[in-house]
Undergrad: 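There's a structure below that I have some questions on.
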Amino acid sequence: MEILASAQDILFKQPLAIAGRVLSGQCVLSVDGRSGRHVVHAEAAGVFYRGEDGQGMKQDIQAMCDWLPRDLLGAWREVQKMPAGGARNALDWVLWQLVAAQRGEPVYRMAFLPSLRPLLTMVTLGVDEPQCMAAAARSHPSAKALKLKLCGDELDIERVSAVRSARPDVTLSIDANEGWSMAHLERMMGVLLASRVALIEQPLPAANDRDLEGYFSPIPIAADESLQTIEDLHQVAQRYQVANIKLDKCGGLSAAMLLIRAARERGLKVMVGCMGGRSRAIQPAFIAAQWADMVDLDSPLLMASDTTPAATYADGYIGFEETAFAIENKRTAVVG
């Protein structure tokens with residue numbers, strides 16, 4: 001087995017504003033893996049608020065490969081011991097693909113799926129002036145679900161109202177990215193209900209979300225930054241109604257499948273999202289999302305470039321052609 005890692009800077013089509021940050025692009029991790037004649041590819045965006053970027057994740061991969069077992073199943077077991085993050089996510093997906101190729105079956109069959117179906121996905125709108133967010137909502141006429149980034153200031157009420165007025169037809173969710181206080185949450189609740197908002201994502205800082213224990217919200221609240229790995233799940237279940245699972249956070253498809261099952265056992269709804277990246281980065285998340293109640297896998301729509309084969313977006317749904325999961329069969333070694 002041969003593993004080659006590299007880092008690449010990619011840009012958003014336009015800067016994406018969220019609470020406390022403006023993101024103009026990402027330095028992502030690219031990983032190529034080869035076993036025999038089978039060549040596979042993976043990409044991971046990492047968790048930027050934990051300090052991950054492509055260069056750092058590349059170093060993590062290089063350090064891991066110094067002592068990774070050469071046999072696929074042995075390597076897969078060792079990868080699960082890595083710290084959760086983008087590097088583990090990418091290596092995990094490389095090994096999913098290589099093992100599937102060795103077995104001669106599509107990779108999703110190893111996840112006990114007979115096929116992959118298109119999924120209704122949210123489309124994200126960054127924080128902006130209310131009229132600009134309304135215009136952005138209208139610029140996605142085929143979207144059936146929109147997610148608004150909000151920041152905790154006095155314009156949040158106007159932002160929600162403007163987007164709902166512009167798009168009365170869509171399912172509407174909001175994401176505060178830890179940028180609210182309990183007072184702001186309670187102040188916003190009236191307009192959220194009046195605007196038929198279906199989901200509130202991470203209103204409070206993860207360090208302060210104990211305030212949600214015992215709080216009754218008429219709109220389900222999702223844990224994002226508060227839910228990194230399965231170790232957080234017990235606490236999350238006491239404070240939230242929805243688990244937002246992202247493969248870069250939890251460490252890959254293997255960890256995500258365990259986390260989905262554990263979340264359901266605790267009575268939580270499941271959302272599968274992403275930390276960004278292009279189509280290659282969201283392929284394993286698309287498999288995990290086949291079991292989700294809500295899906296937020298729109299990041300390729302936000303990027304200025306994409307990998308091929310690319311995800312398809314039509315009538316509000318994300319899909320992949322069957323060929324997107326085909327494994328290359330080459331005689332030559334991986335070339336970086």
Side-chain angles (χ1 to χ4, degrees), residues 1-8 10 28-46 54 57-58 60-80 82 85-113 115-116 247-248 250-257 274-290 297 299-300 305-312 319-336:
M1 184 177 65
E2 182 182 357
I3 300 291
L4 183 68
S6 61
Q8 182 179 357
I10 60 175
V28 301
L29 169 70
S30 295
V31 179
D32 301 321
R34 178 182 181 270
S35 180
R37 295 183 179 181
H38 300 300
V39 178
V40 301
H41 311 282
E43 183 175 285
M57 292 186 289
K58 173 186 172 182
D60 292 339
I61 295 286
Q62 291 171 334
M64 183 70 178
C65 289
D66 288 341
W67 53 274
L68 199 65
R70 296 297 93 187
D71 68 290
L72 294 180
L73 292 179
W76 208 356
R77 284 191 294 270
E78 290 302 312
V79 164
Q80 306 314 312
M82 293 177 69
R88 177 172 151 190
N89 175 25
L91 267 185
D92 182 64
W93 180 232
V94 162
L95 288 161
W96 269 85
Q97 294 176 88
L98 287 176
V99 171
Q102 189 179 69
R103 294 180 177 181
E105 63 181 4
V107 64
Y108 54 79
R109 294 271 175 84
M110 294 203 309
F112 310 106
L113 292 165
S115 61
L116 295 173
L247 274 61
D248 279 316
C250 70
L253 180 56
S254 300
M257 291 180 66
C274 59
M275 292 301 305
R278 298 169 294 186
S279 292
R280 185 172 290 163
I282 64 169
Q283 280 186 294
F286 183 71
I287 292 177
Q290 300 290 311
L297 295 178
S299 62
S305 63
D306 202 0
T307 50
T308 55
T312 61
F320 279 95
E321 299 293 337
E322 184 79 15
T323 55
F325 293 90
I327 307 301
E328 294 179 48
N329 202 330
K330 294 184 177 180
R331 292 179 180 275
T332 57
V334 175
V335 176

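On a predicted model such as this, the values are computed, not experimentally measured, just so you know.
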Undergrad: Where do Thr323 and Pro309 come nearest, in terms of heavy atoms and distance?
TA: O-CG, 4.3 Å

Undergrad: Restricting to non-hydrogen atoms, name the atom on Val94 and the atom on Ala42 that form the minimum distance, rounded to 0.1 Å.
TA: CG2-CB, 3.8 Å

Undergrad: So how far is it from Arg109 CZ to Leu116 CG, rounded to the nearest 0.5 Å?
TA: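 That separation rounds to 9.5 Å.
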
Undergrad: May I ask you to check whether Gln283 and Tyr108 show a side-chain donor-acceptor distance below 3.5 Å?
TA: no

Undergrad: Report the distance from atom OG1 of Thr308 to atom NE2 of His41, rounding to the nearest 0.5 Å.
TA: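 Interatomic distance, Thr308 OG1 to His41 NE2, rounded to 0.5 Å: 9.0 Å.
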
Undergrad: May I ask you to decide if Ala310's main-chain N or O and Ser279's side chain share a donor-acceptor pair within less than 3.5 Å?
TA: no

Undergrad: In Å and rounded to the nearest 0.5 Å, what is the CD to CG distance from Gln62 to Leu4?
TA: 8.5 Å

Undergrad: Between Ser30 and Gln8, is any pair of side-chain heavy atoms under 4.5 Å apart?
TA: yes

Undergrad: Do Met64 and Ile3 come within less than 4.5 Å of each other through their side chains, counting heavy atoms only?
TA: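 The answer is no, as the side chains (C-beta and beyond) never meet within the 4.5 Å cut-off.
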
Undergrad: For the pair Phe320 and Phe286, name the ring-plane relationship: parallel under 30°, tilted 30 to 60°, perpendicular over 60°.
TA: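 Correct class here is perpendicular.
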
Undergrad: I'd like to know if the side chain of Arg88 and the backbone of Met82 have a donor-acceptor N/O pair within less than 3.5 Å.
TA: yes

Undergrad: Would you confirm whether Asp92, through its side chain, and Ser254, through its main-chain N or O, come within 3.5 Å as a donor-acceptor pair?
TA: yes

Undergrad: Identify the heavy atoms of Ala255 and Gly251 that sit nearest to each other, and give their distance.
TA: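 Taking Ala255 first and Gly251 second, the nearest heavy atoms are CB-C, 4.4 Å.
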
Undergrad: Which value, rounded to the nearest 0.5 Å, describes the distance between Leu29 atom CG and Met57 atom CE?
TA: 5.0 Å

Undergrad: Would you say the side-chain atoms of Arg70 pair up with the backbone N or O of Met1, donor to acceptor, closer than 3.5 Å?
TA: yes

Undergrad: Under the 3.5 angstrom rule, does the side chain of Thr312 hit a backbone N or O of Gly319 as a donor-acceptor pair?
TA: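 Side chain of Thr312 to backbone of Gly319, a donor-acceptor pair under 3.5 Å: yes, one is there.
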
Undergrad: What is the minimum heavy-atom distance between Leu247 and Ala288, and which atoms define it?
TA: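 Here Leu247 and Ala288 meet closest at CD1-CB, 4.3 Å.
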
Undergrad: Are any of the side-chain heavy atoms of Phe325 and Ile287 separated by less than 4.5 Å?
TA: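 Phe325 reaches Ile287 side chain to side chain.
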
Undergrad: Which distance, rounded to the nearest 0.5 Å, do you find between the CG of Leu253 and the CG of Leu95?
TA: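 Taking CG in Leu253 and CG in Leu95, the distance rounds to 12.0 Å.
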
Undergrad: Do side-chain atoms of Glu43 reach the backbone of Arg278 as a donor and acceptor pair under 3.5 angstrom?
TA: yes

Undergrad: List the atom of Ala45, the atom of Gly276, and the distance in Å for their closest heavy-atom pair.
TA: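 In terms of heavy atoms, the two residues are closest at CB-C, 3.9 Å.
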
Undergrad: Got a second to check how far Leu68's CG is from Arg77's CZ, nearest 0.5 Å?
TA: 11.0 Å

Undergrad: Shortest non-hydrogen contact from Cys274 to Ser299?
TA: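 Smallest heavy-atom distance, with atoms named: SG-OG, 3.5 Å.
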
Undergrad: Using modelled atom types and a 3.5 Å cut-off, is there a donor and acceptor pairing between side-chain atoms of Ser35 and backbone atoms of Leu98?
TA: no

Undergrad: State which residue, out of Val79, Val31, Val107, fulfils the side-chain contact (heavy atoms from CB on, under 4.5 Å) condition with Trp93.
TA: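 Checked Val79, Val31, Val107 against Trp93; only one passes side-chain contact (heavy atoms from CB on, under 4.5 Å): Val107.
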
